[in-house]
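A short worksheet on the structure shown next.
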Amino acid sequence: MASSRSLSSRSGTMLAGALLLLLSTASAVAQLDVGFYSKTCPHVEEIVRQEMLGILKEAPTLAGPFLRLHFHDCFVRGCDASVLIDSTDVANSPAEKDAPPNKSLRGFGAVQRVKDRLQSACPNTVSCADVLALMARDAVVLAGGPTWPVALGRRDGRVSIANETNQLPPPTSNFTRLSKMFAAKGLDAKDIVVLSGGHTLGTARCVSFTDRLYNFTGANNPADVDPALDAAYVARLRSQCRSLADNTTLAEMDPGSFLTFDAGYYRLVAKRRGILHSDSALLEHPTTRAYVERQATGLFAAEFFRDFAESMVKMGNIGVLTGEQGEIRSKCYAVNK
């Protein structure tokens with residue numbers, strides 16, 4: 001058994017390391033500024049908004065995927081656009097984009113479209129990481145959701161490693177796992193339940209939740225369903241997702257309202273109709289359950305909008321690169337040569 005002195009020393013070292021990390025993060029975030037491009041690219045937000053209007057007019061189902069891209073980027077190596085980088089050798093050194101959790105991501109071409117427009121207006125000035133942050137915000141706004149100030153000045157990372165996507169909370173997570181993975185990024189229980197509200201937009205592949213419909217305990221029989229799911233909803237989902245291995249069908253996360261940002265998601269979760277394990281997990285903890293039930297009344301949507309904006313600002317500050325760190329990619333899918 002280690003001595004009390006050695007344990008104390010080890011605890012002190014861990015605390016010092018955590019404080020250094022916190023100070024480093026705080027220093028980087030302090031360098032972000034809403035007006036970062038005021039002299040070098042003063043119309044950056046207007047340009048992004050114009051492009052987003054066109055993109056979502058052509059493909060309105062991309063609103064949810066843009067939000068998801070930003071989330072998947074920030075949870076791995078911080079908000080550095082590493083999720084956008086193409087693999088140079090898929091077999092031996094795949095990038096994040098080719099990892100299983102990211103196979104279903106969409107919208108990469110649209111991100112490059114926005115970046116190309118910015119390159120024409122302000123060459124080699126606006127980072128892909130900032131483009132992602134602005135596109136996520138505008139996707140929510142254009143879907144009827146809240147706005148928030150996006151502090152800019154992020155730099156783009158030069159590294160993207162598929163194995164590091166193990167930092168992404170899987171859709172099968174229970175609340176304990178969600179809590180640990182969010183806490184590792186400086187996010188708390190309220191952030192978990194609030195950011196989960198983003199599931200009001202978009203769709204999920206059946207394969208991400210069909211175990212709840214057909215093989216919950218491994219018994220592999222028609223009666224083996226997740227008891228946490230409303231029985232009538234199980235029947236509805238089975239009519240869409242015909243088999244355990246259905247990897248092509250998409251199910252609306254917030255049926256009938258998946259193109260509109262609202263608080264309807266919480267009514268579904270409260271009725272045990274959240275389709276992912278991680279949605280149902282929000283009912284496992286008193287803090288998140290109380291938030292779900294409050295929002296399910298439909299009386300506090302404005303509160304949810306404010307909370308979502310605050311949590312998105314927090315998430316957008318995770319592990320940012322600033323100053324001379326990283327680079328400003330000319331093409332979001334490849335590091336500069």
Side-chain angles (χ1 to χ4, degrees), residues 15-49 52 66-67 69-85 96 111 114-115 117-119 121-141 146-161 164 167 182-188 191 195 306 308-336:
L15 178 60
L19 288 173
L20 283 173
L21 178 62
L22 183 62
L23 289 171
S24 174
T25 300
S27 176
V29 170
Q31 295 182 54
L32 300 182
D33 185 354
V34 172
F36 185 83
Y37 298 111
S38 60
K39 294 182 179 179
T40 56
C41 194
H43 302 297
V44 57
E45 294 203 35
E46 179 183 339
I47 291 170
V48 173
R49 180 63 61 87
M52 284 293 288
F66 289 143
L67 188 56
L69 264 178
H70 186 41
F71 179 90
H72 279 231
D73 180 43
C74 292
F75 262 66
V76 182
R77 289 188 166 267
C79 309
D80 69 344
S82 54
V83 72
L84 304 177
I85 298 174
E96 293 170 33
V111 175
V114 175
K115 173 63 175 177
R117 175 81 187 280
L118 288 167
Q119 278 291 97
C122 320
N124 304 317
T125 301
V126 181
S127 69
C128 297
D130 279 344
V131 169
L132 268 185
L134 289 169
M135 289 180 73
R137 190 270 310 273
D138 286 358
V140 170
V141 172
T147 188
W148 58 89
V150 178
L152 302 168
R154 296 168 189 78
R155 304 271 291 180
D156 296 325
R158 292 181 53 82
V159 177
S160 185
I161 302 171
E164 292 185 346
Q167 298 171 68
F182 273 71
K185 305 301 175 183
L187 302 173
D188 58 24
D191 294 313
L195 291 173
R306 289 193 299 271
F308 190 82
E310 290 176 5
S311 288
M312 285 298 294
V313 169
K314 285 178 68 175
M315 189 187 80
N317 289 339
I318 296 173
V320 294
L321 303 177
T322 57
E324 298 301 314
Q325 298 173 312
E327 63 183 15
I328 304 297
R329 281 184 229 140
S330 58
K331 296 292 183 182
C332 290
Y333 53 79
V335 298
N336 297 336

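In this structure, CD in Glu324 is found 6.0 Å from CZ in Arg155, a value given to the nearest 0.5 Å. Rounding to the nearest 0.5 Å places CD of Gln325 at 10.5 Å from CG of Asp80. Summarising the geometry, atom CG belonging to Leu187 is positioned 8.5 Å from atom CE belonging to Met315; distances are rounded to the nearest 0.5 Å. Once rounded to the nearest 0.5 Å, the distance linking CG of Leu321 with CD of Gln31 reads 10.5 Å. Residue Asp156 holds its CG atom at 8.0 Å from CG of Asn336, rounded to the nearest 0.5 Å. Between atom OG1 of residue Thr40 and atom CD1 of residue Ile328 there is a gap of 9.5 Å, rounded to the nearest 0.5 Å.
Using modelled atom types, one side-chain atom of Ser127 and one backbone atom of Arg154 make a donor-acceptor pair closer than 3.5 Å. The backbone N or O of Ser82 lies less than 3.5 Å from a partner atom in the side chain of Ser160, making a donor-acceptor pair. At least one donor-acceptor pair under 3.5 Å links the side chain of Thr125 to the backbone N or O of Pro123. Lys185 places no side-chain N or O within donor-acceptor distance of the main-chain N or O of Gly78, the cut-off being under 3.5 Å. In this structure, Gln167 contributes its side chain and Glu164 its backbone to a donor-acceptor pair below 3.5 Å.
Residues Arg137 and His70 fail the side-chain proximity criterion, which asks for heavy atoms closer than 4.5 Å. Two residues are said to be in side-chain contact when any heavy atoms from C-beta on lie closer than 4.5 Å; Arg329 and Ile85 meet this criterion. Looking at Val140 and Met312, their side chains never come closer than 4.5 Å, going by heavy atoms from C-beta outward. No side-chain heavy atom of Val76 sits under 4.5 Å from any side-chain heavy atom of Ile161. A heavy-atom distance below 4.5 Å is found between the side chains of Val131 and Val111. Between Gln119 and Ser330, the closest side-chain pair of non-hydrogen atoms falls below 4.5 Å. Residues Leu134 and Met52 fail the side-chain proximity criterion, which asks for heavy atoms closer than 4.5 Å.
In this structure, Cys41 and Val126 approach most closely via the heavy-atom pair SG-CG2, 3.9 Å. The minimum heavy-atom distance between Phe308 and Leu67, with the atom names listed, is CZ-CD2, 4.0 Å. Considering every non-hydrogen atom in both Ala136 and Trp148, the closest pair reads O-CH2, 4.3 Å. Shown here for Glu327 and Val335, the closest heavy-atom pair between the two residues is OE2-CA, 3.4 Å. Shortest non-hydrogen contact noted between Gly316 and Cys79 is O-SG, 3.5 Å. Looking at every heavy atom in both residues, Cys74 comes nearest to Ile318 through O-CG2, 3.5 Å.
At a cut-off of 3.5 Å, with distance as the only test, a side-chain donor of Asp191 or Ser311 sits close to an acceptor on the other residue.
In this structure, Phe182 and Phe71 have tilted ring planes: the angle between them lies in the 30° to 60° band.
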- Task: Applying side chain to side chain contact (heavy atoms under 4.5 Å, CB included), run through Val83 and Leu132 and close with a yes or a no.
- Result: CA-CA 10 Å; Val83 72; Leu132 268 185; 4.2 Å; yes
